[in-house]
2 protein chains.
Amino acid sequence: MASQRGEGELTTTPLEPADRERARAIPEAAVARLAVYLRVLSGMVDQGVTTISSEELSQAAGVNSAKLRKDLSYIGSYGTRGVGYDVEVLVSHIERILGLTRKHSVAVVGIGNLGHALANYGGFPGRGFPVTALFDVDEDLVGVPVGGIPVNHIEDITTVCAEREVSIGVIATPPPAAQAVCDRLVSAGVQCILNFAPVVLQVPDNVEVRKVDLAVEMQILSFHVARRADEAANDLVNGIGVDGMVIRP
Amino acid sequence: MASQRGEGELTTTPLEPADRERARAIPEAAVARLAVYLRVLSGMVDQGVTTISSEELSQAAGVNSAKLRKDLSYIGSYGTRGVGYDVEVLVSHIERILGLTRKHSVAVVGIGNLGHALANYGGFPGRGFPVTALFDVDEDLVGVPVGGIPVNHIEDITTVCAEREVSIGVIATPPPAAQAVCDRLVSAGVQCILNFAPVVLQVPDNVEVRKVDLAVEMQILSFHVARRADEAANDLVNGIGVDGMVIRP
DNA sequence: CCGACTTTGTGCATGCGTTCACAAGCGGTA
DNA sequence: TACCGCTTGTGAACGCATGCACAAAGTCGG
Ligand SMILES: NC(=O)c1ccc[n+]([C@@H]2O[C@H](COP(=O)([O-])OP(=O)(O)OC[C@H]3O[C@@H](n4cnc5c(N)ncnc54)[C@H](O)[C@@H]3O)[C@@H](O)[C@H]2O)c1
Ligand SMILES: NC(=O)c1ccc[n+]([C@@H]2O[C@H](COP(=O)([O-])OP(=O)(O)OC[C@H]3O[C@@H](n4cnc5c(N)ncnc54)[C@H](O)[C@@H]3O)[C@@H](O)[C@H]2O)c1
């Protein structure tokens, strides 16, 4: 079912066989960083920077320069030794590898607190992710435009997603509704899902899910506070003050 | 400066020496999963489940059962062979390791689209993360209550953060303001920052930053679509149809 | 009390990701 | 053209995380 629109997508920007091999091999972690490099590089273009070294770019992106070079090497050799990288060339290659040569239409499901924020957010279209459809179960919301797009009823999800060629579905419903919404997105042919609801979604193999769980993020931060406070306590009993000074040498 | 409130925190829930060693050794990836297990287990408690096996819990959390057991082993041996884990015991141990035995007061900076959603969100307080302070630079917003809390002016950040013992700062301002806001949070003594602005923040070593970058998440999804479409194209030229059937054997 | 059955906890192998360190390559200069 | 200094690209080593497979340790029925 999901492959119905598949053939149409094959016509966009065919990759060279060599690139194909590489794309398969890029580690997930490197992909995430490539997206960050892309953002930094876009800023460079705006500032009129034409060339950048791995050292400079790695600083701006907050990573090790060796890691940066390795990440870039996954997508090919587009630098000039002794000089650095041509910013625009790098941008276009990263965009190509990340599949940003075509637009990815986004649907948001659940137009509550978070859904409103997402729909109103101006940052996505400019980066190739136009929000083209909004869905909610609340009759009072249906028809109301949010961020310029009228809310559709969740029942119409299959038709509307097909019409607008939605490729990414964002789930911003309460947790109990998330799995059902996910199932509907999947049967509407959406293969990429970004989930804000704190639940583990079950999906078929051909669907990619990423989750954003703010409570988990905070708990990780909490863990580090606790660990740090504990190390301080530990150091204290070992005769080292909290500011690093030795109390009783 | 950040250590001013440090000593007060040392009094909360001292860990046993054995736990201390363990806490230091827990891999970051495992910490993130422990938070997920905790959420799932909390749901189990509500359903009246008293005991759970690693197999069941791993299913519910969407991970491999061996990995789950290894993760749990980082925090100690609290299971019963042949039976499984006592849900409540496990909950309390994970909470202890994650430092959730004390509340972590949260401040949100930048009360725009996203800041409003965060301030109105009811999910944080119940998980030990009460939002106790809101800040914005916009005079029209100052004094207006959002989610029950009046917005303070950004200039008052140091005083207010100290008063309300803020331990986590959330940045939801436009990107150009993020680094300045971050610096102010840091000098106000906040050691944990959750950043929604798509910029790389520079912070001292004793401050922990986590970022949530939705555009990056979408680009990762985009990469997978591209890779998949490409594999399909590849299979096609090798004589395999998009639905997996061989066309010309 | 015993033996069969269940499930944990972990040693070990494997694979992935990071980092180091340097040869190869390029531009500039004399 | 030949040399010099700079930066890339990557082989190789290391460390961390994952998953397997099984001994150890417990429960439960008889
Ligand atoms: N607001 C936040 O800052 C925040 C933070 C972290 C996580 N989350 C998570 O994001 C999700 C949304 O949060 P929120 O604060 O926007 O909630 P909300 O209650 O404000 O909005 C939920 C919306 O989903 C709609 N909805 C409910 N069932 C639906 C269904 N079956 N199909 C379509 N729409 C449906 C509701 O009508 C409502 O408009 C929740 O799962 C929440 O846990 C939110
Ligand atoms: N809205 C979203 O769904 C979304 C999605 C992804 C990322 N983001 C990011 O989150 C951030 C906030 O997005 P938003 O849509 O809420 O923006 P917004 O423009 O709606 O709100 C920003 C708020 O920050 C305030 N502000 C500006 N400078 C400030 C300063 N120096 N100190 C304190 N407050 C200040 C503004 O007054 C405004 O109220 C942005 O960086 C954006 O890129 C937002």
Side-chain angles (χ1 to χ4, degrees), chain A residues 18-19 21-37 41 44 49-91 93-94 97 220 223-224 227, chain B residues 18-19 21-37 41 44 49-87 89-90 93-94 97 220 223-224 227:
Chain A
D19 289 336
E21 285 308 312
R22 280 203 204 92
R24 225 187 290 279
I26 302 179
E28 184 87 6
V31 173
R33 286 189 299 268
L34 283 171
V36 174
Y37 306 153
L41 288 167
M44 296 291 173
V49 178
T50 57
T51 295
I52 194 167
S53 72
S54 64
E55 191 56 41
E56 293 170 286
L57 182 52
S58 70
Q59 290 268 321
V63 302
N64 182 306
S65 76
K67 194 191 290 189
L68 172 101
R69 287 199 300 276
K70 179 137 292 194
D71 288 345
L72 293 182
S73 80
Y74 290 129
I75 67 174
S77 304
Y78 305 111
T80 308
R81 294 172 191 225
V83 177
Y85 300 88
D86 181 290
V87 177
E88 293 198 19
V89 168
L90 215 46
V91 165
H93 279 108
I94 296 177
I97 291 290
I220 295 172
F223 168 79
H224 287 293
R227 194 176 49 80
Chain B
D19 288 336
E21 285 309 310
R22 280 200 202 93
R24 227 187 290 279
I26 302 178
E28 184 87 7
V31 174
R33 286 190 298 269
L34 283 171
V36 174
Y37 305 153
L41 287 167
M44 296 290 173
V49 178
T50 58
T51 295
I52 193 166
S53 72
S54 64
E55 191 57 41
E56 293 169 288
L57 182 52
S58 69
Q59 290 268 321
V63 301
N64 181 307
S65 76
K67 195 191 293 190
L68 172 101
R69 287 199 300 276
K70 182 142 294 200
D71 288 345
L72 293 182
S73 80
Y74 291 128
I75 67 174
S77 303
Y78 304 111
T80 309
R81 295 173 191 225
V83 178
Y85 300 89
D86 181 291
V87 177
V89 168
L90 214 46
H93 282 290
I94 296 178
I97 291 288
I220 295 171
F223 169 78
H224 287 293
R227 195 176 49 81

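For clarity, every value in this text was computed on a predicted model and none was experimentally measured.
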Fill in: Flag side-chain contact, heavy atom, 4.5 Å: I52(B) against L41(B)
yes
Worksheet item: side chain to side chain contact (heavy atoms under 4.5 Å, CB included) with A60(B): which residues, sequence neighbours excluded?
Response: V40(B), M44(B)
Response to the item:
Taken to the nearest whole Å, CD1/I26(A) to C1'/dC16(C) is 15 Å
Fill in: Sequence-distant partners of E55(B), side chain to side chain donor-acceptor pair (under 3.5 Å), two or more places apart
S65(B)
Discussion item. Can you list everything that forms a ring pair (Phe, Tyr, Trp, His ring centres under 6.0 Å) with H224(B)? Sequence neighbours excluded, please.
Written reply: none
Item to complete: Go along nucleotides 2-12 of chain C 5' to 3' and tag each nucleotide: B for a protein heavy atom under 4.0 Å from its base, S when only backbone or sugar atoms are that close, - otherwise.
Response: ----BBBBBBB
Worksheet item: Can you list the steps and then say if Y85(B) with L72(B) is a side chain to side chain contact (heavy atoms under 4.5 Å, CB included)?
Response: CA-CA 10 Å; Y85(B) 300 89; L72(B) 293 182; 3.5 Å; yes
Discussion item. Using a 4.0 Å cut-off to any heavy atom of chain B, which nucleotides of DNA chain D are the first and last in contact, reading 5' to 3'?
Written reply: dA17(D) to dT27(D)
Discussion item. Taking side chain to side chain donor-acceptor pair (under 3.5 Å) as the definition, give me every residue that meets it alongside S53(A), ordered by chain and number, with sequence neighbours left out.
Written reply: E56(A)
Worksheet item: To the nearest angstrom, how far is N64(B) atom CG from dC16(C) atom C1'?
Response: 16 Å
Practice prompt. Show the numbers, then the answer: is there a side chain to side chain contact (heavy atoms under 4.5 Å, CB included) between L90(A) and L57(A)?
Written response: CA-CA 11 Å; L90(A) 215 46; L57(A) 182 52; 4.2 Å; yes
Worksheet item: With a 3.5 Å cut-off and no angle check, do the side chains of D71(B) and Y37(B) form a donor-acceptor pair?
Response: yes
